[in-house]
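Reminder, nothing fancy here: chain letters follow the sequence lines and each chain counts from 1.
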Amino acid sequence: MTKSFYLTTPIYYVNGAPHIGHAYTSIASDVLARFKRLDGYEVFFLTGTDEHGQKVEKAAAEAGLDPQSFTDKVSADFKDMTRVMGVSNDDWIRTTEERHKVSCAELWRRIAASGDIYLGHYEGWYAVRDEAFYDESELTAKPDGAKVAPSGAPVEWVREPSYFFRLSAWQDKLLKFYEDHPDFIAPTSRRNEVMSFVKGGLHDLSISRTTFSWGIPVPDAPGHVMYVWLDALNNYVTACGFPDESSPRWHHWPADVHVVGKDIIRFHAVYWPAFLMAAGLPVPKRISSHGWWVVEGEKMSKSLGNVIEPRKLVETYGLDQIRYFLLREKPFGADGSMSHPAIVSRINVELANDLGNLAQRSLSLVARNLGGVLPARGSLTEDDAGLLDAAAALPDLVRACMDRQTFHEALEDIWKVIRAANGYIDRQAPWALNKTDKVRMGEVLRVLVDTIRVVATLLQPYMPDSMARMLDQLGVPPGDRSLAGLATPLADGLTLPPPQGVFPRYVEPVA
RNA sequence: GGCGGCGUAGCUCAGCGGUAGAGCAGGGGAAUCAUAAUCCCUUGGUCGGCGGUUCAAAUCCGUCCGCCGCUACCA
């Protein structure tokens, strides 16, 4: 029986263009998906777009398009970004698809059947100009007594019929769930925040709207469309075939990991499990959240005009280089910064010098001094064994990091071995052995090839194209590139292709 | 205001009760197989301040200072 693994990115809201944050979430998820495939899992990796709600309706109107044409266009743009980032998703879901409407209607019915939905009134201070509701505490009074929003817009008390989800009834069950599943929310700091939020008391949640129509209709309630988050979150279940439990995909639910940005933890860690428990469906196993990127020392924002277009980065530095940088430069859960010098330093020091040059110098010695014929191992010296043992320990270390989504730690562990290999080649000096002891030279080079093979195998999820080329040069058959394949040694006497640089140094373009 | 986190070498950070660590940057040397890449050695910190607990504190407790996060919905 094959182990299966289901992970998701958030579905991206189509009221704006894709930026580096979207690319980051998708790439990190992709690394995890690729690693799990490499580790023998049957992976289902989902991403897509979230297309309903008032903001989309408004953005469409501003673009002079009907909502469906507008979302078709933006969704396609996100899909293109995903492809350019090398993301290996197994499905692309859009909330405007028929399968999703069916799924949402059924989810609603199940929650309603449990008694957790009731009809009430949504009311509050509404600023027409901002198209937003404000809490009493956010308002300020003008000298004449009129209340105004933080933006200065006048507010009025409005009241409309709305269905509510009885979230307040789930407070204790959620807290118990968090206690029983300490790994449900990562990192721990976010878990603490969520728990503290829930402990503070939960209000019932308004889950339908009557003031606009771009949404999924509430069953048997003309005029009501579903709250966008109920609609959006449910995509994860829709993609598993819900409500058709005979679907070949249904066994994937519940998800193993929902990868999210820190801004949407609450929706995933509070509302989503409550909706699911109310509907009698299993709850996902883990919500893993990441931090933000700061660009050239400044927070990225549309108003500052420093929004990074991910496809532009790929054009400038290369896809694998960017994938590597994004996962290496900062811990997953934390905020971090990117800058041109930082990217160039990672590319030139770690990819070109440490790894690229290690492979190149090792393989060129095999090519030149051994006619490209892969030598056999000899009896291992202490130095040989030390390096090989360090490499052999890597798969377990990396697997543990992947399960915690500490992507940068896995890279640190891998680079320790790469640095050790550079130390080893210098100590053993196979170029000198070429004149004194050709047999020993071959043994040393074989230790290096075997070590680089482990490293390249484990780096495939991060840099699929570059590592495919490196593994080609190492003579690893395509069928032996999984973690399990590491158990199959390369055949002695194999003829290796002539080595070619995998990671060119980044050179500043001449102005 | 409440709750939580952080403050360690020039930079980014690890360590979280037992003689201060890594990577990068800086300095010196070796080597020349390799993408002038690599390797070795080295400079550098009263671990935010002040008190306390302890035979022993970056590491536990208190307090102060400075940053940051969370403190509910129309994504």
Item to complete: Return the value, rounded to whole Å, for the distance between atom NE2 of A:His22 and atom P of B:A75.
Response: 14 Å
Worksheet item: Parallel under 30°, tilted from 30 to 60°, perpendicular over 60°: which one fits the rings of A:Trp272 and A:His258?
Response: tilted
Worksheet entry | Integer-rounded Å distance: B:G23 P and A:Glu329 CD | 16 Å
Worksheet item: A:Ser75 side chain to A:Asp72 main-chain N or O, any donor-acceptor pair under 3.5 Å?
Response: no
Discussion item. In whole Å, I'd like the distance from the CG atom of A:Leu230 to the C1' atom of B:C73.
Written reply: 12 Å
Item to complete: Would you mind calling B:A30 syn or anti? Take O4'-C1'-N9-C4 for purines or O4'-C1'-N1-C2 for pyrimidines, and syn is within 90° of 0.
Response: anti
Item to complete: Report the distance from atom OH of A:Tyr271 to atom P of B:A75, rounded to the nearest whole Å.
Response: 13 Å
Practice prompt. Determine the contact category for A:Leu202: base if any of its heavy atoms lies under 4.0 Å from a base atom, sugar-phosphate if only primed atoms, P, OP1 or OP2 are that close, otherwise nothing.
Written response: base
Fill in: Contact list for residues 496-507 of chain A, test side-chain hydrogen bond (donor to acceptor under 3.5 Å, both in side chains), sequence neighbours left out
A:Asn353-A:Arg505
Please tabulate, for side-chain N and O atoms in residues 221-230 of chain A, each donor-acceptor pair with protein atoms closer than 3.5 Å (sequence neighbours left out).
{"from": "A:His224", "atom 1": "ND1", "to": "A:Ser208", "atom 2": "OG", "distance (Å)": "2.8"}

Fill in: Euclidean distance for P, B:C40 against B:G23 (whole angstrom)
9 Å
Worksheet item: For A:Trp92, what residues pass the ring pair (Phe, Tyr, Trp, His ring centres under 6.0 Å) criterion, not counting sequence neighbours?
Response: none
Item to complete: With heavy atoms under 4.0 Å as the rule, sort A:Tyr227 into base, sugar-phosphate or nothing.
Response: sugar-phosphate
Fill in: Qualifying residues under side-chain contact (heavy atoms from CB on, under 4.5 Å), relative to A:Ser103, sequence neighbours excluded
A:Asn234, A:Thr238, A:Phe242
Worksheet item: Going by the ring pair (Phe, Tyr, Trp, His ring centres under 6.0 Å) test, which pairs reach into residues 402-446 of chain A, not counting sequence neighbours?
Response: A:Tyr324-A:Trp415, A:Phe332-A:Phe407
Discussion item. Can you check the distance between B:G18 and B:C50, where both ends of the measurement are the C1' atom (answer in whole Å)?
Written reply: 25 Å
Practice prompt. For nucleotides B:A57 and B:G48, find the distance between their C1' atoms and express it as a whole number of Å.
Written response: 16 Å
Worksheet item: Using Watson-Crick and G-U wobble pairs whose two distances are both under 3.5 Å, how do you write the pairing of RNA chain B as dot-bracket, with | for links to another strand?
Response: ((((((((.[[[[.)..(..]]]].(((((.......))))).....[[[[[..)....]]]]])))))))....
Contacts under 3.5 Å, N or O only, protein and nucleotides 2-10 of chain B:
none

Item to complete: Would you kindly give the CD-to-C1' distance between A:Glu409 and B:U12, to the nearest whole Å?
Response: 15 Å
Discussion item. Between B:G7 and B:G17, how many Å separate the two P atoms, rounded to a whole number?
Written reply: 15 Å
Worksheet item: Do the side-chain N and O atoms of A:Ser29 and A:Thr9 include a donor-acceptor pair separated by under 3.5 angstrom?
Response: no
Worksheet entry | Protein-nucleotide distance (A:Ile264, atom CD1; B:A72, atom C1'), rounded to Å | 16 Å
Item to complete: Take atom CD of A:Glu160 and atom C1' of B:C73, then tell me their distance rounded to the nearest Å.
Response: 12 Å
Worksheet item: For the pair made of NE2 in A:His268 and C1' in B:A72, what is the distance, rounded to whole Å?
Response: 16 Å
Worksheet item: How is A:Gly201 classified with respect to the nucleic acid when contacts are heavy atoms under 4.0 Å: base, sugar-phosphate, or nothing?
Response: base
Discussion item. Distance to the ring centre below 6.0 angstrom and angle to the axis at most 45 degrees; does that hold for A:Arg94 and A:Phe78?
Written reply: no
Item to complete: Determine whether any donor atom in the side chain of A:Tyr122 lies under 3.5 Å from an acceptor atom in the base of B:C73, or the reverse, and answer yes or no.
Response: yes
Response to the item:
On RNA chain B, more 5' by nearest nucleotide between A:Arg346 and A:Asp335 is A:Asp335
Worksheet item: What residues, two or more places apart in sequence or in another chain, satisfy ring pair (Phe, Tyr, Trp, His ring centres under 6.0 Å) together with A:His181?
Response: A:Phe177
Worksheet item: Nucleotide by nucleotide, 5' to 3', does protein get under 4.0 Å of the base (B), only the sugar-phosphate (S), or neither (-) in nucleotides 32-44 of chain B, counting heavy atoms?
Response: SBBB-SBS-----
Worksheet item: When you compare B:G27 with B:U19, how far apart are their C1' atoms, in angstrom units rounded to a whole number?
Response: 27 Å
Discussion item. Taking salt bridge (charged side-chain N to carboxylate O under 4.0 Å, His left out) as the definition, give me every residue that meets it alongside A:Lys55, ordered by chain and number, with sequence neighbours left out.
Written reply: none
Fill in: A:Ala367: side-chain contact (heavy atoms from CB on, under 4.5 Å) partners, not counting sequence neighbours
A:Pro499
Worksheet entry | Spacing of the C1' atoms in B:C67 and B:G49 (rounded, Å) | 15 Å
Worksheet entry | P spacing across the pair B:C39 / B:G45, given as an integer number of angstrom | 26 Å
Worksheet item: When rounded to the nearest Å, what value does the distance between P atoms of B:C24 and B:A20 take?
Response: 24 Å
Discussion item. List the residues meeting side-chain hydrogen bond (donor to acceptor under 3.5 Å, both in side chains) with A:Tyr462, not counting sequence neighbours, and say none if there are none.
Written reply: none
